[in-house]
Amino acid sequence: MSAVPPPPRPATIRPASGRLGVLTPGLGAVATTFIAGVESIRRGLSRPIGSLTQMATIRLGKRTENRSPLIRDLVPLAGLDDLVFGAWDPIPDDALTAARKAGVLDEKDLAPVAAFLEGIQPMPAVFDNRYVSRIHGTNVKAGKSKRDLAEQLRQDIRDFRARTRADRLVVVWCASTEVYIKPGPQHATLAAFEKAMHESDDAIAPSMCYAWAALMEGVPYANGAPNLTVDTPALIELANARELPVSGKDFKTGQTWMKTVIAPGLKARMLGLRGWYSTNILGNRDGEVLDDPASFKTKEESKLSVLHTILQPELYPELYKDFSHVVRINYYPPRGDNKEGWDNIDIVGWLNYPMQIKVNFLCRDSILAAPIVLDLALFSDFAQRAGMKGIQEWLSFYYKSPMAAPGLQPEHDLFIQQTKLKNTLRHLMGEEQITHLGLEYYA
Ligand SMILES: NC(=O)c1ccc[n+]([C@@H]2O[C@H](COP(=O)([O-])OP(=O)(O)OC[C@H]3O[C@@H](n4cnc5c(N)ncnc54)[C@H](O)[C@@H]3O)[C@@H](O)[C@H]2O)c1
């Protein structure tokens, strides 16, 4: 790849005026925890813990300047009060019923926002049991072809925009993980993709209908599951042509987030790795969907890619060649959304002496995912207003399996991702890049 300078800073960033509609395919554990949380925060009942857009600061200029505003004070982001919500789901439950069934939030947290949640009814979904076998819903669209179904989604988007008087929209996929599919000729160009939609080709997954519809309606798309969806030349072509930001794949929440914290630490100290065994028990609906081997395969691919890219065995064969990496997810209903993950990490130190690290993470999946949905919605909208189009690599921070330009290694290290995110914000806002060189303080 030739070294070209970064695109110039936009001359103007359109203001975040008016309402921002956040549309989620999927109104399950993650989506309802996100929506209930935003409503609770804007009523002053909770704090947006875990959200960079709400809580993180960004250092600007020299360290001696002591300038560290909140990100949201530097960057023109939509305010929480300006958000309106909509969703699609094959299960017809309103957001309150869905949140109760998901069992993430306690009744004491749901009660104050119950009426608000009850008002959010899912629109009929584009759904196909061949892509998600464990869900059986009745709230499903019928259509002559996948193209026709996608056109119905476009109409939903237009109706939602009119109904809520939203100025701008974003779509964040919060629906189940679909079965694993590889990119094929149907995904190679937009023309081939649209022909395949018209012919209801098997290679067109429901998630692709949502993404196509969103992009056709001028709406950015963020992909919270490991589904292929917008990680295809066809839909990237569409995003570029329509000047829309897209990002993915798969929210980086529990075990993989930990991996992207620990693995860079091992590599930074040149400690070797023999093996990393990860296992989980999970009892929510996501766990049930992932109990299907075809859906798990999509998740597994997403989870496995992380360590290789961080540890670079091709550069450090003595330390990282042929380490064994195993990931298991077991559906165990009593655990609900409160996943428990165990990691056994076999590492190697000075003179080849083995050591072990054990991690037992009692995490709450949707509690970790909800602030990611919020940040992706606000940053995707900001990116669009700043004229950013195509793959948003700076949002890799939020994803297990980050999208990157063809031929480019994705960046998995959480701290490099964080630097990339903040430097992108500095770049867009006309602030100096921070290199951490620091020699200027000792001149
Ligand atoms: N919670 C996390 O930490 C986390 C992390 C990474 C990724 N994810 C992904 O986020 C997604 C949501 O997770 P969740 O825990 O909310 O799952 P969930 O099962 O509670 O909710 C998913 C919802 O999507 C609906 N759905 C399925 N196919 C659909 C379609 N074609 N259109 C519209 N709706 C559809 C289901 O009916 C269900 O209500 C999953 O794909 C999961 O793998 C979650």
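Residue numbers count from 1 along this sequence.
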Residue pair Arg426 / Glu432: nearest heavy atoms and the distance that separates them = CD-O, 3.3 Å

Strictly by modelled atom types, are Ser207 and Thr229 linked by a side-chain donor-acceptor pair under 3.5 Å?
-> yes

Say whether, by atom type as modelled, one donor and one acceptor occur between the side chain of Asp250 and the main chain of Ser401 under 3.5 angstrom.
-> no

With no hydrogens and no angle check, is any side-chain donor or acceptor of Asn280 less than 3.5 Å from a backbone partner on Arg328?
-> yes

Minimum heavy-atom distance Val171-Ala214, with the two atoms named = CG2-CB, 3.9 Å

Contacts of Arg67 meeting side chain to side chain donor-acceptor pair (under 3.5 Å) (sequence neighbours excluded), chain-then-number -> Glu65, Glu431

Check Ser380 against Pro245 and note the closest heavy-atom contact, atom names and distance.
-> O-CG, 3.6 Å

State plainly whether the residues Arg274 and Asp346 are in salt-bridge range, i.e. N to O under 4.0 Å.
-> no

Using modelled atom types only, decide if a donor and an acceptor are shared between the side chain of Lys101 and the backbone of Ala29 within a distance under 3.5 Å.
-> no

Presence of salt bridge, Glu318 and Lys321, under 4.0 angstrom = no

Determine yes or no for a side-chain-to-main-chain donor-acceptor pair under 3.5 angstrom, with Asn223 supplying the side chain and Asn227 the backbone.
-> yes

Once the angle between the rings of His325 and Phe323 is folded into 0 to 90°, is it parallel (under 30°), tilted (30 to 60°) or perpendicular (over 60°)?
-> tilted

Report the distance from atom CG of Leu425 to atom CG of Leu74, rounding to the nearest 0.5 Å.
-> 7.0 Å

For Arg59, look at atom CZ and say whether over 12 heavy atoms of other residues, nucleotides or ligands are found less than 6.0 Å away.
-> yes

State whether the number of non-hydrogen atoms from other residues, nucleotides or ligands found under 6.0 Å of Tyr353 atom OH is greater than 12.
-> no

Between Gln186 (side chain) and Ala196 (backbone), is there a donor-acceptor pair under 3.5 Å?
-> no

Kindly determine whether Leu80 and Gln54 satisfy side-chain contact (heavy atoms from CB on, under 4.5 Å), including the steps that lead there.
-> CA-CA 9 Å; Leu80 296 192; Gln54 305 306 303; 3.8 Å; yes

Going by atom types alone, do Lys252 and Gln417 pair a side-chain donor with an acceptor below 3.5 Å?
-> yes

Evaluate the ring planes of His187 and Phe193, with Trp represented by its six-membered ring, and classify them as parallel (under 30°), tilted (30 to 60°) or perpendicular (over 60°).
-> tilted

Under 3.5 Å, is there a donor-acceptor pair between the Ser247 and Tyr399 side chains?
-> yes

Does Val132 reach the side chain of Phe127, with side-chain heavy atoms less than 4.5 Å apart?
-> yes

How far apart are the closest heavy atoms of Val140 and Gly137, and which atoms are they?
-> CG2-O, 3.8 Å

Taking atom OH of Tyr332 as the centre, report whether more than 12 heavy atoms of other residues, nucleotides or ligands fall under 6.0 Å from it.
-> no

What's the verdict on side-chain contact (heavy atoms from CB on, under 4.5 Å) for Met388 and Thr424, showing C-alpha distance, side-chain angles and the deciding distance?
-> CA-CA 11 Å; Met388 304 275 278; Thr424 304; 4.1 Å; yes

Can you check whether Gly26's main-chain N or O pairs, donor with acceptor, with Thr24's side chain at less than 3.5 Å?
-> yes

What closest approach, in Å, do Thr32 and Gly28 show between heavy atoms, and which atom pair accounts for it?
-> OG1-O, 2.7 Å

Could you label the plane-to-plane angle of the Phe34 and Phe85 rings as parallel, tilted or perpendicular, counting under 30° as parallel and over 60° as perpendicular?
-> perpendicular

Check against side-chain contact (heavy atoms from CB on, under 4.5 Å), Leu378 and Leu83 = CA-CA 9 Å; Leu378 298 190; Leu83 300 188; 4.0 Å; yes

Step-by-step side-chain contact (heavy atoms from CB on, under 4.5 Å) determination, Trp212 to Ile204 | CA-CA 11 Å; Trp212 180 84; Ile204 306 295; over 6 Å; no

Leu215 versus Val219, closest heavy-atom pair with distance = CD2-O, 3.6 Å

Does a side-chain heavy-atom distance below 4.5 Å link Tyr398 with Leu52?
-> yes

How about Lys400 and Lys259: do any of their side-chain heavy atoms sit closer than 4.5 Å?
-> no

